[in-house]
Amino acid sequence: MQSAKLHFSAAENNYQQKEAYKTLRSNVEFSGQDVRAISITSCTPGEGKTSVAMALARAFAEAGKKTVLVDADMRKSVMVGRYKTGTVRLGLTHCLVGREKLSSVICETDVPNLYIVFSGPVPPNPSELLGGRIFGKVLDNMKNVFDYVIIDTPPLGSVIDAAVVSKQCDGTIMVIEDNAISYRFAQKVKDQLDKAGAKLLGVVLNKVDMSGKGYYGHYGNYYGKYYGKYYGKYYGQYGNTQDNGPARPEKKEEVGIDVDEELDYIEGIVRKG
């Protein structure tokens, strides 16, 4: 198992913000005991879904819940550069293509009870890997070991990955930036989740102006700015909802994923009393 130290900004350590995520944590807990694997998505990049995923995972960990945060934004991850200090060699990609065991890609952090699986290198077929049999088994194994599995996924308004992941999870949370997108576009993204069979737990309204000077409306300019700029720059090269051809065959597809000793090994490391 790898180890990593996490860096949090002053804003993320703000008392008011941490209390807000404790409320979000409580709302998730009240959704039912069977809601333990939760995917986080947004409509466009830049709405703060990764920050929400990290803060929610941290809130569960601070409540004494064994929590793993999975970075499934395999196309354009920002988690490593934003939070990690130190070297992490292996990520989710290595596990899904069969090169490494799940126990090898999990990182123990300096936050008690919080573990992270970083995304790893960008694969040629993210949607197919996330919708494949190995990811399903990885998710089942993690649910057997951890109390909560929080999965950060790409914006659903840009690529289909989030819908692929959400249908394998117990619930999904949408992150929407205040004053950034239109109601119609948000509804369209929700419809995609519904078509995928996802259970929408609720919506987090993020980046709200708490000074009292903000106002609602004028979504059009923000929608054009974010959707146009970020879609083309970060996700357009991969296509909107199409995969980039079939997956490259991997001879080691089953490495460690379906072996009882692997699950026992992870349990032995994570549950230390």
So, Lys18 and Glu62, do they make that salt bridge, N to O below 4.0 Å?
yes
Do you see a donor-acceptor pair shorter than 3.5 Å between the side chains of Ser39 and Thr153?
no
Over-ring placement of Arg58 relative to Phe8, 6.0 Å and 45° cut-offs
yes
Would you please say whether a donor-acceptor pair under 3.5 Å links the side chains of Arg75 and Ser127?
yes
Could you pull out all residues at least two apart from Asp152 that satisfy salt bridge (charged side-chain N to carboxylate O under 4.0 Å, His left out)?
Lys49
Identify the two heavy atoms, one from Ile160 and one from Gln192, that lie closest to each other, and give their separation to 0.1 Å.
CD1-NE2, 3.8 Å
Side-chain heavy-atom pair Leu200, Met174 within 4.5 angstrom cut-off:
yes
Please name the residue in the list Leu201, Val165, Thr41 that meets the side chain to side chain contact (heavy atoms under 4.5 Å, CB included) test with Thr172.
Thr41
Rounded to the nearest 0.5 Å, what separation is found between the CD1 atom of Ile151 and the CD1 atom of Ile173?
12.0 Å
Has the side chain of Asn206 got a donor or acceptor atom that lies under 3.5 Å from a matching backbone atom of Glu177?
no
State which residues pass salt bridge (charged side-chain N to carboxylate O under 4.0 Å, His left out) with Asp194; sequence neighbours excluded, sorted by chain then number.
Lys190
Atom CZ in Arg25, atom OG1 in Thr67: separation rounded to 0.5 Å?
9.5 Å
